[in-house]
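What you see below is based on every heavy atom in this structure, not just the backbone, and it leaves out hydrogens, waters and symmetry mates. Sequential numbering from 1 along the given sequence is applied to the chain's residues.
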Amino acid sequence: HTEMSNSGVSLSGKEVAKHNSRQSCWIIVHGKAYDVTEFLDDHPGGSKIILKYAGKDATQEYDPIHPPDAITNNLPPEKHLGPVDPDTVEKVEVKITDEEKARQQRMSARPSLDEILNLHDFEAIARQVMPEKAWAYYSSAADDEITIRENHAAYHRIWFRPRILRNVTKVDWSTTILGHHSSMPLYITATALGKLGHPDGELNLTRAAAKHGVIQMIPTLASCSFDEIMDAAQPGQVQFFQLYVNKDRNITKRIVQHAEKRGIKGLFITVDAPQLGRREKDMRMKFEAEDPSEVSKAGSEGVDRSQGAARAISSFIDPGLEWADIDWFKSITKMPLILKGVQCWEDALMAYDAGLAGVVLSNHGGRQLDFARSGIEVLVEVVAKLGEKRGLKFPNEKFQLFVDGGVRRATDVLKAVALGATAVGVGRPFLYAFSSYGPEGVDKALQILHDEFEMNLRLLGAPTIKDVVPDMVDASSISSHGSAVPGDRLYDSNYESMQHARLRDA
Ligand SMILES: Cc1cc2c(cc1C)[n+](S(=O)(=O)[O-])c1c(=O)[nH]c(=O)nc-1n2C[C@H](O)[C@H](O)[C@H](O)COP(=O)(O)O
């Protein structure tokens with residue numbers, strides 16, 4: 001086959017169509033044919049999904065789940081069979097299932113964007129209108145999903161101490177992050193597989209970030225290619241890059257140096273995922289897609305295919321990453337280095353002593369180790385201990401603290417800022433925003449946050465972000481995980497709970 005592709009003559013779709021079985025399985029992705037016969041049983045997403053497209057064009061199934069170069073990176077060159085003449089390829093008719101019809105109906109019943117008042121509303125609508133697989137991947141977290149909920153609950157253990165009679169006619173919630181201007185003390189954090197929720201994937205975030213002057217952190221596992229995202233950025237737009245370190249350090253070196261060359265302003269090395277967490281909503285979705293015979297075979301053949309989308313894209317991550325690698329990173333790039341996923345003060349101190357530019361106190365949105373503490377709780381500990389041991393004051397230009405996880409309101413961000421964070425990462429809300437309303441959704445989500453910041457700075461008595469100081473919060477109960485006080489039944493039953501934005505009668 002290789003001489004065919006070498007001679008530049010395109011393969012015919014009819015030729016590809018003959019290879020449509022487990023014995024010989026070819027598929028077409030982005031106009032090129034690939035022999036995946038020997039890969040079938042290694043595909044973490046299971047062989048069935050590939051066999052469904054054996055001999056056919058698999059591009060529309062492939063695109064949302066895999067970064068564009070996944071197939072070329074994971075198949076040896078001799079399996080790359082070369083271009084296929086598009087006129088000879090049979091169109092794969094996409095059967096619209098009843099549930100897909102119902103989903104499209106709910107999509108048409110969405111409330112107007114004017115009725116979306118907060119980030120929770122996006123989640124409520126997205127859950128009803130986005131494809132189930134996408135919802136499962138975005139909303140899922142590890143094991144019993146305790147940490148994902150604690151991430152948000154922890155903010156409810158912090159109370160404000162607002163000041164009055166300060167002139168707040170003019171308020172300004174802009175700040176700088178790693179020395180770069182940002183219109184608010186938050187950035188769009190790295191979340192994988194943007195195309196699961198919307199055909200434009202991460203480009204929705206790039207464009208909205210440019211419009212609102214916030215920074216986007218580009219994920220290693222984006223659905224869009226890195227260069228596609230960089231090409232969609234405005235001149236001078238500031239972007240960071242989130243790195244999963246590859247077992248093959250040459251691949252990582254190439255990626256890092258290319259990112260620096262393209263103008264990335266900060267390298268966030270993810271350190272809380274030597275293996276991706278077990279996200280059971282995502283896994284269950286996978287089983288629903290498989291017939292039982294496939295699943296039992298998976299067990300016997302030892303290929304653990306139960307991890308859904310996550311495992312399908314992450315087997316390259318190096319569990320051997322360690323502190324000794326930090327010097328190597330310093331040797332291959334001049335970009336500021338930040339560790340993303342630090343979860344205790346001891347590691348934050350080691351990062352400071354290693355001369356890094358900062359840390360993201362984060363548990364990966366609860367998707368990794370369940371019962372890891374919330375980033376905001378770890379922030380309180382890190383500020384106290386690094387103050388005690390190194391005399392550091394925060395926020396600190398030289399060693400910046402970031403927090404992410406569970407943030408849904410500007411008040412969450414302001415609590416983190418008051419406690420010493422430079423800025424806060426926000427993930428799922430922007431995914432839900434574009435999964436439910438496309439690019440306009442992300443634009444609206446950022447506008448809502450601007451409106452909340454404006455109101456909250458006024459009510460706090462803080463004209464600028466610099467005026468949001470530790471005395472403005474009481475975080476004394478942040479670490480009390482004691483069981484909640486027994487519910488006040490009478491009061492609770494009288495309380496009429498707020499309503500989400502709702503679908504018009506679908
Ligand atoms: C929601 C989400 C988060 C992911 C994410 C994918 C999704 C759908 N993925 S993951 O597939 O591997 O888990 C990444 C990722 O690529 N790399 C990373 O560093 N963090 C990843 N994160 C974690 C993210 O960067 C933040 O830590 C987390 O989203 C913050 O919590 P909220 O979603 O509540 O804002």
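Partners of Ser476 under the side-chain contact (heavy atoms from CB on, under 4.5 Å) rule, at least two apart in sequence or in another chain, are Asp474. For His156, the ring pair (Phe, Tyr, Trp, His ring centres under 6.0 Å) criterion is met by His152, not counting sequence neighbours. Not a single salt bridge (charged side-chain N to carboxylate O under 4.0 Å, His left out) links Arg254 to another residue, sequence neighbours left out. In this structure, the side-chain contact (heavy atoms from CB on, under 4.5 Å) partners of Arg207, at least two apart in sequence or on a different chain, are Asp200, Leu203. With sequence neighbours excluded, the residues that form a side-chain contact (heavy atoms from CB on, under 4.5 Å) with Glu61 are Ile49, Lys52, Tyr53, Lys133. Every residue meeting the salt bridge (charged side-chain N to carboxylate O under 4.0 Å, His left out) condition with Glu100, not counting sequence neighbours, appears here in chain and number order: Arg103. Applying the salt bridge (charged side-chain N to carboxylate O under 4.0 Å, His left out) criterion to Asp227, with sequence neighbours excluded, gives Arg262. Applying the salt bridge (charged side-chain N to carboxylate O under 4.0 Å, His left out) rule to Asp318 yields the partners Arg249; only residues at least two apart in sequence or on another chain are considered.
Annotation: ring-ring contact (aromatic ring centres under 6.0 Å, His included) contacts involving residues 202-232, sequence neighbours excluded, comprise His212-His450, Phe226-Phe241, Phe226-His258. Sequence neighbours left out, not one pair with a member in residues 423-437 passes side-chain hydrogen bond (donor to acceptor under 3.5 Å, both in side chains). Pairs of residues two or more places apart, or lying in two chains, that qualify as side-chain hydrogen bond (donor to acceptor under 3.5 Å, both in side chains) and include a residue from residues 406-415 are Arg409-Glu452. Sequence neighbours left out, the pairs with a member in residues 333-372 that pass ring-ring contact (aromatic ring centres under 6.0 Å, His included) are Tyr352-Phe399.
Counting heavy atoms from C-beta outward, Leu414 and Met472 have side chains that stay 4.5 Å or more apart. Looking at His180 and Ile177, their side chains never come closer than 4.5 Å, going by heavy atoms from C-beta outward.
In this structure, CE in Met217 is found 11.0 Å from CD1 in Ile188, a value given to the nearest 0.5 Å.
Atom NZ of Lys466 is surrounded by 12 or fewer heavy atoms from other residues, nucleotides or ligands within 6.0 Å. Atom CZ of Arg390 sits in a crowded spot, with more than 12 heavy atoms from other residues, nucleotides or ligands closer than 6.0 Å. Within 6.0 Å of atom CH2 in Trp323, more than 12 heavy atoms from other residues, nucleotides or ligands are found, so the atom counts as buried in its surroundings.
The aromatic rings of Phe453 and Trp173 sit parallel to each other, their planes meeting at less than 30°, with 60° as the upper class boundary.
No hydrogens or angles considered: nothing links the side chains of Gln447 and Asp443 as a donor-acceptor pair under 3.5 Å.
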- request: For the pair Arg157 and Glu150, evaluate salt bridge (Lys or Arg N to Asp or Glu O under 4.0 Å) and give the outcome as yes or no after the intermediate values.
  value: CA-CA 10 Å; Arg157 299 200 294 271; Glu150 163 63 7; 2.6 Å; yes
field: Working for side chain to side chain contact (heavy atoms under 4.5 Å, CB included), residues Ile218 and Met230
entry: CA-CA 9 Å; Ile218 300 169; Met230 294 307 282; 3.5 Å; yes
query: Do Lys340 and Phe402 pass the side chain to side chain contact (heavy atoms under 4.5 Å, CB included) test, and can you show the C-alpha distance, the side-chain angles, and the key distance before you say yes or no?
result: CA-CA 9 Å; Lys340 177 176 182 291; Phe402 304 102; over 6 Å; no
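The shortest heavy-atom contact between Thr176 and Glu397 is OG1-OE2, 4.1 Å.
With hydrogens and angles ignored, the 3.5 Å screen pairs a side-chain donor or acceptor of Thr147 with a backbone N or O of Ala372. A side-chain donor-acceptor contact under 3.5 Å links Thr220 to the backbone of Gln242. Panel note: side chain Glu123, backbone Ser139; no donor-acceptor pair is recorded below 3.5 Å.
Classification of Arg110 and Glu115 as a salt-bridged pair fails, no side-chain N sitting under 4.0 Å from a carboxylate O.
When the options Gln275, Arg279, Gln343 are evaluated for a side chain to side chain donor-acceptor pair (under 3.5 Å) with Gln368, the one that passes is Arg279.
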